[in-house]
Trainee: 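Just dropping this structure here.
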Amino acid sequence: MKTYSVCVVMLALALTAALFLAVGASPAFAGDGGSMMLAATGLSTFAAAGGGRMIMSAAERRSGRFLRGPGHTASTHTKTAAELAKETADVFNSLKCRLEDVEQKAARGGSGGRAEPSWGQQVADSDEVKAMSAIKTSQPARARIEVKSITSGTASAGAMAEAMRDPTVNALPGRLPRIRDLLNGINTNSGSVEYVDQTARTNNAAPVAEAALKPESDYTWELANLPMRTIAHWTKASVQVLDDAPQLSSIIDGELRYGLALAEDVQLLNGSGVGVNLNGLITNSTAYAAEFAPAGENMIDKIGLAILQVGLAEFLANGIVIHPTDWMRMRMLKDADGKYILGDPQAPVPPSLFGLPVVPTTAMTVDKFLVGDFMRAATLYDRQAPTVALSTEDGDNFVKNMVTIRCESRLGLAIKQPLALSYGDFGNVA
């Protein structure tokens with residue numbers, strides 16, 4: 001926006017200059033005041049050499065000439081007022097069009113109104129893929145593209161909507177993973193991360209009398225090493241997909257990118273920590289324990305008690321993870337008069353309880369819930385942003401005119417405060 005503001009100011013000054021030249025056709029401009037005004041506006045460079053004045057001679061004015069341009073003298077060039085007015089009008093119209101174009105771009109935020117490109121579109125529009133397309137039938141080729149993070153599923157779909165045809169590949173339905181949105185994320189360039197893990201805490205802080213022995217608190221720490229884990233998958237497609245941007249974009253966004261996020265979602269929640277698996281949130285959570293038993297307890301009450309459990313452990317819950325089935329069970333709860341507790345069915349009710357966002361995801365087991373202070377409970381380390389690689393050299397791709405498309409990322413999850421997570425059972429399923 002700053003760039004556009006500068007451009008607008010510059011064009012406005014140019015328009016002022018053009019108008020100023022047009023006004024110069026009046027006799028009043030022939031005096032010294034005209035030269036002073038030009039100098040004040042930075043247009044004195046138009047003055048002819050020899051004193052920097054643009055005053056016309058009496059003979060020039062009688063011939064219908066009122067302004068002398070750069071390098072023009074009475075002996076080399078003469079323009080009438082009509083000719084000067086026509087040239088000034090042309091300059092004015094040209095600058096006006098440029099100013100309108102800049103204003104329109106500024107109103108669109110400088111992006112032309114286009115959505116942020118999706119993973120698939122970034123790959124399809126990359127120079128590497130275009131180069132592969134040009135040589136796909138003559139020799140083997142490969143490309144590796146690191147895609148920028150997309151934070152909104154809407155942005156992805158919006159970018160693909162500009163294609164000349166429907167880019168959908170009749171993909172199976174899925175869900176939008178959002179578990180990582182609850183976590184504190186840090187980028188790293190190392191294959192492993194060392195961090196200090198607190199394993200025990202005994203807080204003996206208390207008031208102390210003057211000169212008395214102060215109480216000692218006991219905290220136990222240990223150095224933990226967190227290896228980065230790879231989540232990846234691939235598929236094959238006809239090499240012609242390199243010439244079909246909507247199709248390539250759909251395969252990457254609708255399948256590869258989405259499938260990678262699904263696996264990440266499951267690992268962040270349920271990873272066992274064994275072998276190449278992440279050490280998940282549920283694996284390290286604290287068992288749900290109600291502080292009290294409310295009368296006529298229902299599912300919403302249990303979520304409230306889990307929030308209380310996290311709070312009593314000196315944490316502040318910031319999210320709730322449940323299965324979509326359990327969210328609908330709670331959404332359909334009614335009071336004694338038959339009215340829906342969470343709002344009328346015709347009203348839009350965003351998934352939230354007790355002021356906290358609810359993440360309904362099929363990565364969570366039905367009838368289970370996880371409530372926690374996710375920001376303090378764990379840290380997500382991103383070692384490698386999602387990367388898409390394409391190759392015509394894999395297996396018999398070259399002789400079959402096929403291309404292999406691989407999508408992968410590297411990350412690690414460090415559980416630092418298990419007491420900040422409460423994992424429990426609604427008790428609806430035996």
Side-chain angles (χ1 to χ4, degrees), residues 179-190 192-228 268-273 278-295 297-322 352-359 368-383 411-427:
I179 300 301
R180 72 157 45 233
D181 296 336
L182 297 172
L183 299 168
N184 179 34
I186 298 177
N187 292 328
T188 178
N189 56 8
S190 175
S192 63
V193 173
E194 289 186 347
Y195 66 96
V196 178
D197 187 25
Q198 184 179 30
T199 58
R201 175 203 294 163
T202 303
N203 182 20
N204 291 320
V208 181
E210 188 70 23
L213 182 66
K214 276 70 173 178
E216 177 186 3
S217 292
D218 184 20
Y219 306 111
T220 304
W221 311 86
E222 67 178 18
L223 185 64
N225 186 283
L226 179 71
M228 298 297 103
L268 291 176
L269 278 179
N270 305 301
S272 64
L278 296 180
N279 201 9
L281 296 166
I282 292 176
T283 307
N284 295 275
S285 62
T286 302
Y288 167 73
E291 183 68 14
F292 60 90
E297 183 183 70
N298 59 28
M299 298 172 68
I300 298 177
D301 293 329
K302 287 193 173 183
I303 295 297
L305 291 171
I307 294 173
L308 175 61
Q309 178 183 354
V310 172
L312 293 176
E314 306 297 341
F315 296 99
L316 185 62
N318 69 334
I320 303 163
V321 182
I322 58 176
S352 66
L353 292 171
F354 299 99
L356 303 182
V358 174
V359 180
K368 302 292 185 180
F369 61 84
L370 180 66
V371 176
D373 183 346
F374 294 92
M375 297 293 287
R376 295 177 63 189
T379 300
L380 176 64
Y381 295 95
D382 281 310
R383 170 62 179 88
L411 69 162
L413 181 67
I415 306 297
K416 299 181 178 180
Q417 298 289 354
L419 291 175
L421 300 169
S422 174
Y423 177 67
D425 193 314
F426 285 117

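Because the structure is predicted, anything quoted here is derived from the model rather than measured.
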Trainee: Verify, without hydrogens or angle tests, whether Lys302 (side chain) and Phe426 (backbone) share a donor-acceptor contact under 3.5 angstrom.
Mentor: yes
Trainee: Nearest 0.5 Å, please: how far is CD in Gln417 from CZ in Phe315?
Mentor: 4.0 Å
Trainee: Residues in side-chain contact (heavy atoms from CB on, under 4.5 Å) with Leu182, at least two apart?
Mentor: Val321, Val359, Phe374
Trainee: Using 0.5 Å steps for rounding, measure from the CG atom of Leu413 to the CG atom of Asn284.
Mentor: 8.0 Å
Trainee: Give me the atom names and distance for the closest heavy-atom approach of Val371 to Ala317.
Mentor: CG1-CB, 4.1 Å
Trainee: Anything under 3.5 Å between a donor and an acceptor, one on a side chain of residues 218-228, the other on a protein residue two or more places apart or in another chain? List them.
Mentor:
none

Trainee: If I compare all heavy atoms of Asp301 with all of Pro294, which pair ends up nearest, and what's the gap?
Mentor: CB-CG, 4.0 Å
Trainee: Tell me the closest heavy-atom pair linking Thr286 and Pro418, and the distance in Å.
Mentor: OG1-O, 2.8 Å
Trainee: Are the side chains of Val358 and Leu353 in touch, meaning some heavy atoms are under 4.5 Å apart?
Mentor: yes
Trainee: Could you check Asn203 against Ser217 for side-chain contact (heavy atoms from CB on, under 4.5 Å), going step by step and ending with a plain yes or no?
Mentor: CA-CA 5 Å; Asn203 182 20; Ser217 292; 3.6 Å; yes
Trainee: Measure the spacing between CG of Leu269 and CD1 of Ile282 and express it to the nearest 0.5 Å.
Mentor: 5.0 Å
Trainee: Between Gly271 and Thr283, what is the shortest heavy-atom contact and its length?
Mentor: O-OG1, 2.7 Å
Trainee: Quick one: does any side-chain atom of Asp373 pair with a main-chain N or O of Leu316 as donor and acceptor, under 3.5 Å?
Mentor: yes
Trainee: Is any side-chain heavy atom of Leu281 less than 4.5 Å from a side-chain heavy atom of Leu183?
Mentor: yes
Trainee: Kindly determine whether Asn187 and Tyr381 satisfy side-chain contact (heavy atoms from CB on, under 4.5 Å), including the steps that lead there.
Mentor: CA-CA 6 Å; Asn187 292 328; Tyr381 295 95; over 6 Å; no
Trainee: Is Ile320 close to Pro357 at the side-chain level, that is, under 4.5 Å between some pair of heavy atoms?
Mentor: no
Trainee: Restricting to side-chain contact (heavy atoms from CB on, under 4.5 Å), what partner residues turn up for Glu216, sequence neighbours left out?
Mentor: none
Trainee: Taking atom CD1 of Ile179 and atom CG of Leu268, what is their separation to the nearest 0.5 Å?
Mentor: 7.0 Å
Trainee: How long is the straight-line distance from OH of Tyr423 back to CZ of Phe369, given to the nearest 0.5 Å?
Mentor: 9.5 Å
Trainee: My understanding is that only residues two or more places apart in sequence, or in another chain, count here; which of them pass salt bridge (Lys or Arg N to Asp or Glu O under 4.0 Å) with Asp197?
Mentor: none
Trainee: What's the spacing between Leu380 CG and Thr188 OG1 if we round to 0.5 Å?
Mentor: 11.5 Å
Trainee: Side-chain polar contacts of residues 303-312 - donor-acceptor pairs under 3.5 angstrom, sequence neighbours left out - could you list them?
Mentor:
{"unit_1": "Gln309", "atom_1": "OE1", "unit_2": "Ala289", "atom_2": "N", "d": "3.0"}
{"unit_1": "Gln309", "atom_1": "OE1", "unit_2": "Ser422", "atom_2": "OG", "d": "2.8"}
{"unit_1": "Gln309", "atom_1": "NE2", "unit_2": "Ala287", "atom_2": "O", "d": "2.9"}

Trainee: Could you tell me which residues satisfy side chain to side chain donor-acceptor pair (under 3.5 Å) with Lys368, sequence neighbours excluded, listed by chain and number?
Mentor: Asp425
Trainee: Let me see the working for Lys416 and Asn184 under side-chain contact (heavy atoms from CB on, under 4.5 Å), right down to the final yes or no.
Mentor: CA-CA 11 Å; Lys416 299 181 178 180; Asn184 179 34; over 6 Å; no
Trainee: If you look at every heavy atom in Gly424 and Tyr288, which pair is closest and at what distance?
Mentor: CA-CB, 3.6 Å
Trainee: Between Arg376 and Glu314, does the side-chain contact (heavy atoms from CB on, under 4.5 Å) criterion hold? Intermediate values first, please.
Mentor: CA-CA 11 Å; Arg376 295 177 63 189; Glu314 306 297 341; 6.0 Å; no
